[in-house]
Amino acid sequence: MADNPKQKPESPDKGGARILDDNLLMRQRRQKAQELKEAGVPLFPNNHRPRDLIAELKTQYDRLDGDRLEAMDDMKFSIAGRIMAIRSFGKAAFIKLQDRSGSLQCHLERDRIGAERYGLFKKLDVGDIIGVKGSLFRTRTQELTLRVDSWNLVTKSYRSLPEKFHGLTDVEQRYRQRYLDLIMNQETRDTFQARSTIVATIRNFLMNKGFLEVETPMMQIIPGGAAARPFETYHNALDMHLYLRVAPELYLKRLVVGGLERVFELNRNFRNEGISIRHNPEFTMLEFYQSYASYEDLIPITEEMFCACAKAVKGVTKFTYQDREIDLTPPWRNLDFRSSLLEIGGVPPSVLFDVDKAVGLARELGAAVRPGEGLGKALAKIFDALVEPELWQPTFITGYPLDISPLSRTNDLDVEIVDRFEFFIAGREMGNGFSELNDPDDQLGRFREQAVAREAGDDEAQFMDLDYVRALEYGMPPTAGEGVGIDRLTMLLTDQPSIREVILFPLLRPEQA
RNA sequence: GGGCCGUUAACUCAGUUGGUAGAGUAUCUGCCUUUUAAGCAGAGAGUCGCGUGUUCGAGUCACGCACGGCCCA
């Protein structure tokens, strides 16, 4: 392959051979595999069907004492899993078998399974996947153990697993080779189990409230719905530039115009921005929209949904995150945006209505503020620096400036602000909700202002979307909508400090230059 | 983009003022039928991330690059 001159250098599998390294351990394993094969043991058969799950055996039989188990010696069980440890003696061995549900110790005796099969068993390696059949018993230390009558190889493993005591701890290797991380680390398996539970809980929660789950384009001609830089791509057959969506918002609201009065989408967004402990270029967002509701109606729904997730994962709504207590019990704190700047940020009142002072303070705090950016943007940057990190307990912040909220309905009493909240837990934004702007003329004006900002160099400004305005001209019922960051919620409920710990395959540069 | 830290055997890690590269686990060989980080005896296993430089001599010092982590932007 490597010496094929026709091989394109850009080929995605270039260098594939380079990472398929060869070392003594692998040569030994392949040698033993060859011996097994020659003895008539298939290395990669696909005819094994385990009947039992380890966790279910434990649930059913771990409460029985040794005598009871011996009395049911003719009851046979069949499990399959990966060999995680072998403790071998001359004519018998203990192995630890791990399946998706847990792990169980098994005991193999030469005199029980026969000298020939026992000899072949000795050629197996830690990491191999095997099936075993036998009965349950208790060892001297009372550990529930399967007494193996017969075994069969299900899948040969050529690579040796990490050391049993420390396991795999190298962060880079854990992310690049997540499969290995999952084999070795129960905590990783638990984290992604929790993630699945959270997603399922949210789906059930919304469906029970009459929401319809929908899927809208991830490849968009006009990327809208959030202040973020999009990824660009290209469709060959249509000869057309496309963007990966930064949010599904404008499509979901088109569906509300269409009469789907309660909709949600729970799927991936893409933002072409920096990577950090709380940002991955692709991330998962819930967005849901409810007609005949305002942003205030979303507050109890949000509280209820988060509590449902916490109960599903942790069983409680009070827990610790990174050694600090979090209490999700409703009602959550509710604080006005400007008040939060004064009370939590310690910002002088004069800054709140003075663009120059706000920009000055934002810059003092190290934020990049472009010339021409308005008061709202500057205040938002001050908020990010001074207030957000302090919002440890769940807090709704309301009364956001209009100029940073181009899709939100203007407040009826104060035209400087919109009917919107963001909410924060553990010093992080967890979500954003507002009464949707459904006046098409107002929306068109907001898009025009965004276009001006874009001209001025704001590459996070919204794109003009005339079809969306046209949809609003047909009439969108008054609607409240909300977005929730699923990765961050998962971090919160699994006590993980980094978003990469809750994304199975976080984005990394390639190993090889 | 900037700062700090890391990269040594399959894994987890030592490696002193620059002087032939170490341990534990894993592996291999022998013994061992209730172990559970099993035990005992022996053995093998390394482009020290990559490159350049300094030096008689570099895992170690300098510079550059790559990848990763944390912090800042």
Side-chain angles (χ1 to χ4, degrees), chain A residues 15 18-33 35 66 69-70 83-98 103-115 118-119 121-128 134 136-148 157-181 183-185 273-280 322 362-370 381 384-385 389 427 496-501 505-513:
Chain A
R18 271 182 293 167
I19 61 165
L20 293 178
D21 45 13
D22 177 51
N23 58 52
L24 179 67
L25 295 181
M26 289 184 69
R27 288 198 297 275
Q28 286 171 339
R29 283 175 168 244
R30 284 179 182 273
Q31 174 61 34
K32 285 193 288 182
E35 289 165 19
L69 290 172
E70 294 296 341
I83 301 175
M84 296 304 291
I86 301 177
R87 291 181 288 276
S88 178
F89 302 82
K91 301 181 187 65
F94 287 98
I95 63 172
K96 190 175 149 196
L97 217 58
Q98 175 175 293
S103 60
L104 183 72
Q105 175 168 273
C106 305
H107 191 228
L108 292 94
E109 297 157 81
R110 188 193 64 174
D111 293 346
R112 178 171 278 264
I113 65 176
Y118 192 75
F121 159 75
K122 293 273 239 180
K123 293 192 189 298
L124 297 181
D125 292 305
V126 170
D128 288 350
L136 289 170
F137 76 108
R138 277 191 192 281
T139 62
R140 278 179 196 160
T141 55
Q142 299 306 307
E143 178 165 348
L144 188 69
T145 303
L146 189 88
R147 183 181 284 125
V148 173
S157 166
Y158 289 140
R159 285 182 183 265
S160 55
L161 292 177
E163 176 230 336
K164 63 190 169 201
F165 189 57
H166 298 91
L168 183 69
T169 63
D170 182 84
V171 174
E172 182 173 357
Q173 201 176 352
R174 285 184 46 240
Y175 296 162
R176 286 193 195 282
Q177 297 179 257
R178 186 65 91 181
Y179 43 88
L180 199 52
D181 185 27
I183 291 170
M184 296 306 298
N185 294 318
E273 292 163 359
I275 294 177
S276 81
I277 203 167
R278 64 181 81 175
H279 296 91
N280 194 64
Q322 300 294 296
R363 288 199 170 130
E364 231 173 84
L365 293 166
V369 184
R370 265 189 315 278
K381 283 170 183 176
D384 289 349
Q496 293 296 343
S498 167
I499 195 169
R500 293 182 207 90
E501 295 292 344
F505 298 100
L507 187 65
L508 300 174
R509 292 179 197 270
E511 290 175 71
Q512 309 280 342

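A note on names: the letters A, B, ... follow the listed sequences, proteins ahead of strands, and every chain is numbered from 1.
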What stems show up for RNA chain B when you take Watson-Crick pairs (N1-N3 plus N6-O4 or O6-N4) and G-U wobbles (N1-O2, O6-N3), both under 3.5 Å, and require three or more consecutive pairs? B:1-7 with B:66-72, B:10-13 with B:22-25, B:27-31 with B:39-43, B:49-53 with B:61-65
Please state whether the base of [N] and the side chain of [X] form at least one donor-acceptor pair under 3.5 Å?
| X | N | result |
| --- | --- | --- |
| Arg87(A) | rU35(B) | yes |
| Glu143(A) | rU34(B) | no |
| Thr139(A) | rU35(B) | yes |

With a centroid cutoff of 5.5 Å and a plane-angle limit of 30°, would you call Phe89(A) stacked on rC32(B)? no
Residues passing the ring-ring contact (aromatic ring centres under 6.0 Å, His included) test with Phe94(A), sequence neighbours excluded, are His107(A)
Does the side chain of [X] get closer than 4.0 angstrom to OP1 or OP2 of [N] through an N or O atom?
| X | N | value |
| --- | --- | --- |
| Arg500(A) | rG69(B) | yes |
| Gln173(A) | rG68(B) | no |
| Arg509(A) | rC67(B) | yes |
| Ser160(A) | rA26(B) | no |

Residues Asp181(A) and Arg178(A) bridged, charged N to O under 4.0 Å: yes
Classify the side-chain pair Glu109(A)/Tyr118(A) by whether it contains a donor and acceptor separated by less than 3.5 Å. no
